[in-house]
J.: 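Here it is, the structure, as structure tokens.
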Amino acid sequence: MTMDILEFHAEFCKVFSNPIRLEILNLLKEDEMIVTDITERLGVPKANTSRHLNLMRLKKIIVRRRKGVNIYYRIADKKIVAACATMQNAIGELLDAASSSRY
């Protein structure tokens with residue numbers, strides 16, 4: 001693998017280090033949404049949501065489309081959802097194993 005790919009991979013994965021962005025992915029995994037709906041579901045200020053969406057868009061994790069006055073966001077590639085699910089399953093198993101080993 002080239003250093004360019006490894007550097008992009010590292011930067012790409014940094015996006016997933018924030019719980020708000022992970023929740024945005026969770027919201028978008030089924031269908032596209034507008035920023036107002038995302039903001040309401042997250043319970044955070046619209047400016048905060050917009051910053052997260054912009055970062056995710058710049059990293060090619062989500063894409064947007066305009067329809068009238070609304071901008072709709074969706075996940076760029078469903079494999080991202082699958083990768084997140086795999087990681088969450090692995091984390092769940094690690095946490096289960098850690099809690100089982102305490103007794």
Side-chain angles (χ1 to χ4, degrees):
M1 242 184 251
T2 67
M3 188 55 74
D4 287 344
I5 291 172
L6 294 173
E7 287 174 2
F8 183 85
H9 185 168
E11 289 299 314
F12 187 85
C13 286
K14 284 181 187 178
V15 174
F16 304 104
S17 66
N18 182 286
I20 297 288
R21 291 191 290 264
L22 291 173
E23 183 60 27
I24 289 170
L25 284 174
N26 189 52
L27 292 173
L28 295 176
K29 71 182 178 184
E30 298 301 323
D31 200 10
E32 63 185 9
M33 296 176 74
I34 60 173
V35 68
T36 304
D37 292 341
I38 296 168
T39 298
E40 288 175 5
R41 298 279 297 273
L42 293 175
V44 299
K46 188 173 183 177
N48 190 322
T49 302
S50 293
R51 278 195 307 275
H52 287 298
L53 290 168
N54 190 49
L55 174 65
M56 295 168 76
R57 185 181 58 79
L58 291 172
K59 297 298 181 186
K60 313 281 191 240
I61 293 167
I62 62 173
V63 294
R64 65 183 182 180
R65 71 175 178 88
R66 181 179 292 277
K67 183 177 181 183
V69 297
N70 292 317
I71 297 176
Y72 291 83
Y73 292 90
R74 67 177 169 81
I75 297 173
D77 187 328
K78 292 295 182 181
K79 288 183 281 237
I80 292 169
V81 174
C84 285
T86 299
M87 183 62 82
Q88 289 167 355
N89 288 338
I91 291 167
E93 290 173 9
L94 289 171
L95 292 174
D96 287 345
S99 66
S100 296
S101 67
R102 291 184 188 170
Y103 300 105

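FYI, side chains are in, hydrogens and waters are out, and symmetry mates aren't considered; it's all heavy atoms of this structure. This structure is a prediction, so every number in the text was calculated from the model and none was measured.
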J.: Which pairs count as salt bridge (Lys or Arg N to Asp or Glu O under 4.0 Å) when at least one residue sits in residues 69-86, sequence neighbours excluded?
T.: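 Salt bridge (Lys or Arg N to Asp or Glu O under 4.0 Å) check on residues 69-86 returns D77-K79.
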
J.: I91: what forms a side chain to side chain contact (heavy atoms under 4.5 Å, CB included) with it, not counting sequence neighbours?
T.: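 Per chain and number, I91 pairs via side chain to side chain contact (heavy atoms under 4.5 Å, CB included) with M87, L95.
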
J.: CD of E32 to CD1 of I71: how many Å apart, nearest 0.5 Å?
T.: 12.0 Å

J.: What residues form a side chain to side chain donor-acceptor pair (under 3.5 Å) with R57, not counting sequence neighbours?
T.: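 With neighbours one apart ignored, the set is N54.
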
J.: Between P19 and S17, which heavy-atom pair has the shortest distance, and what is it?
T.: CD-O, 4.0 Å

J.: Do I80 and I62 have side-chain heavy atoms sitting under 4.5 Å apart?
T.: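 Heavy-atom side-chain distance check fails, nothing below 4.5 Å.
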
J.: Can you name the side chain to side chain donor-acceptor pair (under 3.5 Å) partners of N18, sequence neighbours left out?
T.: none

J.: Mind checking side chain to side chain contact (heavy atoms under 4.5 Å, CB included) for K67 and listing every partner two or more places apart, or none if nothing turns up?
T.: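 So K67 forms a side chain to side chain contact (heavy atoms under 4.5 Å, CB included) with R65, Y72.
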
J.: Does any part of the side chain of L25, heavy atoms only, come nearer than 4.5 Å to the side chain of I61, both counted from C-beta?
T.: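 The answer is yes, as the side chains (C-beta and beyond) meet within the 4.5 Å cut-off.
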
J.: Step by step, work out the side chain to side chain contact (heavy atoms under 4.5 Å, CB included) result for D37 and L27.
T.: CA-CA 10 Å; D37 292 341; L27 292 173; over 6 Å; no

J.: Remaining members of V69's ILVMFWY cluster at a side-chain heavy-atom cut-off under 4.5 Å?
T.: none

J.: Give me each pair satisfying ring pair (Phe, Tyr, Trp, His ring centres under 6.0 Å) with a member in residues 16-41, each pair once, sequence neighbours excluded.
T.: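 Non-adjacent pairs meeting ring pair (Phe, Tyr, Trp, His ring centres under 6.0 Å): F12-F16.
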
J.: Would you kindly confirm whether I24 and I34 end up in one hydrophobic cluster when ILVMFWY residues are joined by side chain heavy atoms under 4.5 Å apart?
T.: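 No: no chain of side-chain contacts under 4.5 Å links I24 to I34.
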
J.: May I have all residue pairs that pass salt bridge (Lys or Arg N to Asp or Glu O under 4.0 Å) and include part of residues 11-27, sequence neighbours excluded?
T.: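 Output for this query lists E11-K14, E11-K59.
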
J.: If two hydrophobic side chains count as joined below 4.5 Å and joins carry through other members, does I20 share a cluster with Y73?
T.: yes

J.: Suppose we screen for side chain to side chain contact (heavy atoms under 4.5 Å, CB included). Which residues come up paired with T39, at least two apart in sequence or across chains?
T.: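 Once residues adjacent in sequence are excluded, the partners of T39 under the side chain to side chain contact (heavy atoms under 4.5 Å, CB included) criterion are V35, K46, T49.
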
J.: Please list every donor-acceptor pair under 3.5 Å in which a side-chain atom of residues 1-9 meets a protein atom from a residue at least two apart or in another chain.
T.:
residue : atom : partner : partner atom : Å
T2      : OG1  : I5      : N            : 3.3

J.: Quick one: do V63 and M33 end up in the same hydrophobic cluster if we chain Ile, Leu, Val, Met, Phe, Trp and Tyr together by side-chain heavy atoms under 4.5 Å apart?
T.: no

J.: Is the shortest heavy-atom distance from the side chain of I38 to the side chain of L28 under 4.5 Å?
T.: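 A side-chain contact exists here, since the closest heavy-atom pair is under 4.5 Å.
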
J.: With sequence neighbours excluded, what pairs up with N26 under the side chain to side chain donor-acceptor pair (under 3.5 Å) test?
T.: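 Side chain to side chain donor-acceptor pair (under 3.5 Å) check on N26 returns K29.
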
